[in-house]
**Q** 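Structure incoming, see below.
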Amino acid sequence: MRTLQGSAQTLAILLLALGASAGSADQSSPQQQKQQREACLNGSSGQELRSCLKEMVAARAAARKGELDNGESPAALRANALQRCQRLGAEDKPACEALARHEGEVSGTVRGGGQLRQITVRQTAPPSPAAASSAKAP
């Protein structure tokens with residue numbers, strides 16, 4: 001019985017903390033907060049109730065402090081994009097790296113369905129064998 005009472009007290013403390021954190025500014029909407037709480041309470045989160053609520057409160061606190069980025073800081077995203085360019089051949093690698101650095105012309109909008117970034121690469125073709133032989137003829 002003591003374990004149940006201790007769990008109930010812990011749950012009450014977490015719910016109070018959750019209520020206090022819900023009033024603070026964070027990156028999730030009130031609807032998202034409600035859904036997360038309901039998922040904890042009805043067991044659909046796949047976590048034990050106490051752990052779920054505790055993790056939710058901790059995540060909100062980290063979000064308020066700007067510490068919740070899932071490892072996707074701008075520098076990490078840029079490094080990841082440049083790393084993906086390493087697999088390409090020598091001809092395509094410079095254009096890929098330019099796109100990863102957000103160079104080039106941009107058209108479209110996120111609201112309109114997406115942005116298209118374009119890089120123009122100018123190359124000169126080597127002279128054809130026929131052109132080279134006609135240039136040598138007297």
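Just so we're clear, the structure is a prediction, and the values are computed from it rather than from any experiment.
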**Q** So which heavy atom on Met56 is nearest to which on Gln33, and how close?
**A** SD-O, 4.5 Å

**Q** Quick one: closest heavy-atom pair of Cys40 and Leu49, and the distance?
**A** O-CD1, 3.3 Å

**Q** List the residues meeting side-chain contact (heavy atoms from CB on, under 4.5 Å) with Lys93, not counting sequence neighbours, and say none if there are none.
**A** Gln86, Glu97

**Q** My understanding is that only residues two or more places apart in sequence, or in another chain, count here; which of them pass side-chain contact (heavy atoms from CB on, under 4.5 Å) with Glu55?
**A** Gln47

**Q** Within this structure, what is the CG-CD distance for the pair Leu41 and Gln36, rounded to the nearest 0.5 Å?
**A** 12.0 Å

**Q** Mind checking what makes side-chain hydrogen bond (donor to acceptor under 3.5 Å, both in side chains) contact with Glu91, not counting sequence neighbours?
**A** none

**Q** To the nearest 0.5 angstrom, please state how far the CD atom of Gln32 sits from the CZ atom of Arg60.
**A** 9.5 Å

**Q** Name all residues meeting the side-chain contact (heavy atoms from CB on, under 4.5 Å) criterion together with Ala39; count only those two or more places apart in sequence or in a different chain, and write none if there are none.
**A** Ser44, Ser45

**Q** Return a table of donor-acceptor pairs under 3.5 angstrom between the side chains of residues 105-113 and protein atoms on other chains or two or more places apart.
**A**
{"from": "Thr109", "atom 1": "OG1", "to": "Gly112", "atom 2": "N", "distance (Å)": "2.7"}

**Q** Say whether, by atom type as modelled, one donor and one acceptor occur between the side chain of Asn42 and the main chain of Glu38 under 3.5 angstrom.
**A** yes

**Q** Say you draw a straight line from CG of Leu116 to CD of Gln118; how long is it, rounded to the nearest 0.5 Å?
**A** 6.5 Å

**Q** Test question: given the 4.5 Å side-chain rule for I, L, V, M, F, W and Y, name all other residues clustered with Ile119, or answer none.
**A** Leu99, Val121

**Q** Show the nearest heavy-atom pair for residues His102 and Arg117, with the distance to one decimal.
**A** O-NH1, 3.0 Å

